[in-house]
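Chain letters run A, B, ... following the sequence lines, proteins first and then strands; every chain starts at 1. From a predicted model like this one, the values you see are computed outputs, not experimental measurements.
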2 protein chains.
Amino acid sequence: MVRMVGIKDVARQAGVSVGTVSNVINRPDLVSEETRDRVQSVIKQLGYVRSESARQLRAGQSRIMALLVLDMGNPFFVDVARGAESAAREAGLGVMVCNSGQSPSEEATYISLFTEQRVRGVLLTPADSTGASLDLLRQQNVPFVLVDRGAGDADGCSVSVDDTIGGALAGRHLVAAGHRTIAYISGPSHLQQVKDRRAGMLQALAEAGLGPEALLEIPAQRLDVAAGRDAASRLLGLAQRPTAVFCANDLLALGVLQVVYAAGIAVPRDLAIVGYDDIEFAAAAVVPLTSVRQPAAEMGRMAAELLLEETGPRAAQHAHQRAVLLPELVVRGSSLPVR
Amino acid sequence: MVRMVGIKDVARQAGVSVGTVSNVINRPDLVSEETRDRVQSVIKQLGYVRSESARQLRAGQSRIMALLVLDMGNPFFVDVARGAESAAREAGLGVMVCNSGQSPSEEATYISLFTEQRVRGVLLTPADSTGASLDLLRQQNVPFVLVDRGAGDADGCSVSVDDTIGGALAGRHLVAAGHRTIAYISGPSHLQQVKDRRAGMLQALAEAGLGPEALLEIPAQRLDVAAGRDAASRLLGLAQRPTAVFCANDLLALGVLQVVYAAGIAVPRDLAIVGYDDIEFAAAAVVPLTSVRQPAAEMGRMAAELLLEETGPRAAQHAHQRAVLLPELVVRGSSLPVR
DNA sequence: GACGTGGAATGAATGGTTTCAACCCGATCG
DNA sequence: CGATCGGGTTGAAACCATTCATTCCACGTC
């Protein structure tokens, strides 16, 4: 292994002190133009690259923020990551994207990795519902921002989308299209999102004078395509099939669409489908899916910006906040009323 | 900002020297059981977390490897990332996943971020075809492994899949199903993959005694769903439409499927479709897509392992190698011969 | 009782950068 | 002419964990 060229080598070669080289890099305005040019050219000539670890050691914090998502296979989180990444880059930071796969233990492993790295902060959608992960972060006072989750007891920021409104948007749309019995393909019951989306749907039904019996819940184990297929088979086995399905996310909806289509049931004529998240593949399905759009990239960006504010030079004026964004219904072929 | 508890605090509290604390953490067998327990409990009590930057500063390299992919929105790369991540974690490293979005300039930005971080190494699918990015890495002697690309002139490892064989698999399958004119929806022409897949297809056609005129190339700007839709419209506008389409990747194929279906053309009866990559959404389409499966996770894992070998304790015995994996055809509904 | 042995613990040196008080020197002011 | 100012530069401290040569100690052996 060849020795790395350090700031000292540059200083010697340029005939200045290390302090001056540092200034050339970090506060060029303090250095005379002549010296600056000379140092710059030596830097280029020697191929000097500053060592982030040394800089970090002094600064006490790194220039990396962590993003810990539940499922990298879900395009929704990919969009979140994109948003966060672009905000971070504007501030000259890197993002370390990691995938907990919904496992609290992997989540804990990553969090300890992050604390060792002294990351600037963590953006996360916790997989652990007990809050133990957050305690870990608090203990090390690593700033964090919750993504796609409200910070209930609030000692951190959060960015989320109002899922009750989202559910209601879907509900009103289906009711307006004449549906009177709707299936809800939910996900793991401990997820707040899943509950809120149902609540919104129930609210919309109530507005139309329909009781909770109009909503038939079909639980799904996970929020992925396979779980959607599975739930759809159960749906098809029912004696009295609802005329519409609302899915807790688009992956489920894609699974449903596949099974329903294979069974020869026409969408939307015999069955309307509404998904949630509006991932790219929802629009790209053979029958484009109506979906409740979450501003995923926007969420990622906001989360990153909140973190930057909390850890930036103006940290003192930072007050934790809970940003709640609004979802939007995107109507496509899978739920269009048939004329 | 509260001061971080350092190794010195632990040492003082436990009544030992800093060297001993370090030994407890890194070489516990050198320390007597009694001392070890005492130190461990102080560590827990104080919530001490070692500073990776300080450790790194001495070690000269970090415990993070970078993965730079072309498109995080493509599930293929997500699988690559998963494979790399799992191999890295087994070795106690973290992976920093970044997205160049095929832009050489973003790629360069990330590479300079990586060199500053002194990452252990970089796994990448270069967006820059001139090789300038690799030069940057070589210059700083940062080890790298090419993913999904062969290392032609070889001064690094690479892991790729034989795309010519992949194309041939698709070709033989379609020929066997009786197709005699096939459209090839390609991607950006400078991508080697795109060329190799076509070459394989031509080879399969030749084996069946068909000349290059049997393959009709329809160029696509990018390798995504929208480009697939676009190419499909052009396909449908043709006077003499081929009976089968081979797409350079699954995203294109999904776009094609959507447009073709909307035009009322039955798949596979009127048009067979074969994709490439075998992403989850290919199997999840309404008409499940036949696709050439690439062992994406396996590729990510191998790449990470090669990097670990190159930078690990046995680096001396490391010889660069070019691993070439084999693709596999997964036949599904979109190309089944109609009885 | 002198010496050797080996396990356990020590503490100083090391690494690269940033920061800041101190310094130098030419120019301006009184 | 001396004092002051300020732009430009310097040099050393600080950051924190690791490493390794050294010291310490208890025990056993001759």
Side-chain angles (χ1 to χ4, degrees), chain A residues 1-40 42-43 46-64 92 112-113 115-120 140 313, chain B residues 1-40 42-43 46-63 92 115-119 140 313:
Chain A
M1 186 70 78
V2 193
R3 204 182 65 83
M4 273 286 169
V5 354
I7 202 171
K8 270 189 286 203
D9 304 296
V10 176
R12 192 174 334 113
Q13 182 82 7
V16 296
S17 73
V18 292
T20 302
V21 178
S22 175
N23 281 338
V24 169
I25 298 169
N26 303 300
R27 302 128 95 185
D29 44 314
L30 292 188
V31 183
S32 73
E33 196 181 333
E34 187 210 327
T35 315
R36 205 191 312 149
D37 291 349
R38 182 154 39 95
V39 173
Q40 291 283 21
V42 173
I43 287 180
L46 296 182
Y48 165 72
V49 178
R50 118 183 112 197
S51 151
E52 183 62 25
S53 38
R55 166 208 261 265
Q56 203 176 120
L57 178 59
R58 252 207 75 90
Q61 58 170 9
S62 86
R63 301 167 60 74
I64 290 191
S112 76
L113 178 68
T115 53
E116 284 199 356
Q117 300 281 350
R118 301 282 193 275
V119 293
R120 188 68 144 275
Q140 300 294 328
Chain B
M1 185 72 78
V2 192
R3 203 182 65 82
M4 273 285 168
V5 353
I7 202 171
K8 268 186 290 199
D9 304 294
V10 176
R12 192 174 335 113
Q13 183 82 7
V16 295
S17 72
V18 292
T20 302
V21 177
S22 174
N23 282 337
V24 168
I25 297 169
N26 303 299
R27 304 128 94 185
D29 44 316
L30 294 187
V31 183
S32 74
E33 195 181 332
E34 187 211 327
T35 315
R36 205 190 314 149
D37 290 349
R38 182 156 38 97
V39 173
Q40 291 283 21
V42 173
I43 287 179
L46 263 43
Y48 165 72
V49 177
R50 107 182 124 200
S51 152
E52 184 61 26
S53 37
R55 165 207 263 268
Q56 203 177 119
L57 178 59
R58 264 203 69 85
Q61 60 170 10
S62 86
R63 300 167 61 75
T115 53
E116 284 200 356
Q117 300 281 348
R118 301 282 193 275
V119 293
Q140 299 295 329

(message) Can you build the contact string for nucleotides 12-20 of chain C? Use B for base contact, S for sugar-phosphate-only contact, and - for no protein heavy atom under 4.0 Å.
(response) --BBBBBB-
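With sequence neighbours left out, R118(B) forms a salt bridge (Lys or Arg N to Asp or Glu O under 4.0 Å) with no residue at all. Every side-chain hydrogen bond (donor to acceptor under 3.5 Å, both in side chains) that S32(A) has, sequence neighbours left out, goes to T35(A). The salt bridge (Lys or Arg N to Asp or Glu O under 4.0 Å) search around R63(A) returns none, not counting sequence neighbours. Residues meeting the salt bridge (Lys or Arg N to Asp or Glu O under 4.0 Å) test with R36(A), sequence neighbours left out: none. Every residue two or more places apart in sequence or in another chain was checked for a side-chain hydrogen bond (donor to acceptor under 3.5 Å, both in side chains) with S62(A), and none qualifies. Take R50(A) and apply the salt bridge (Lys or Arg N to Asp or Glu O under 4.0 Å) test, not counting sequence neighbours, and it matches E116(B). Applying the side-chain hydrogen bond (donor to acceptor under 3.5 Å, both in side chains) rule to S53(B) yields the partners S51(B); only residues at least two apart in sequence or on another chain are considered.
Residue T20(A) is classed as a base contact, given a heavy-atom separation below 4.0 Å to a base.
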Ignoring hydrogens and angles, write down the donor-acceptor pairs under 3.5 Å from the side chains of residues 9-19 of chain A, residues two or more places apart or on other chains.
residue	atom	partner	partner atom	Å
D9(A)	OD1	R3(A)	NH2	3.0
D9(A)	OD2	R3(A)	NH2	3.2
D9(A)	OD2	G6(A)	N	2.6
S17(A)	OG	G19(A)	N	3.4
S17(A)	OG	T20(A)	N	3.3
S17(A)	OG	T20(A)	OG1	3.2

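Running 5' to 3' along DNA chain D, contacts with non-hydrogen atoms of chain B at under 4.0 Å begin and end at dC16(D) to dT19(D).
Between its two ends, the helix from dG1(C)-dC30(D) to dG30(C)-dC1(D) turns its axis by 60°, counting five pairs per end and rounding to 10 degrees.
Across all non-hydrogen atoms, the minimal contact from V5(A) to Y48(A) is O-CD1, 3.4 Å.
Sequence neighbours left out, not one pair with a member in residues 17-26 of chain B passes salt bridge (charged side-chain N to carboxylate O under 4.0 Å, His left out).
Residue S17(B) places at least one side-chain N or O closer than 4.0 Å to OP1 or OP2 of dT10(C).
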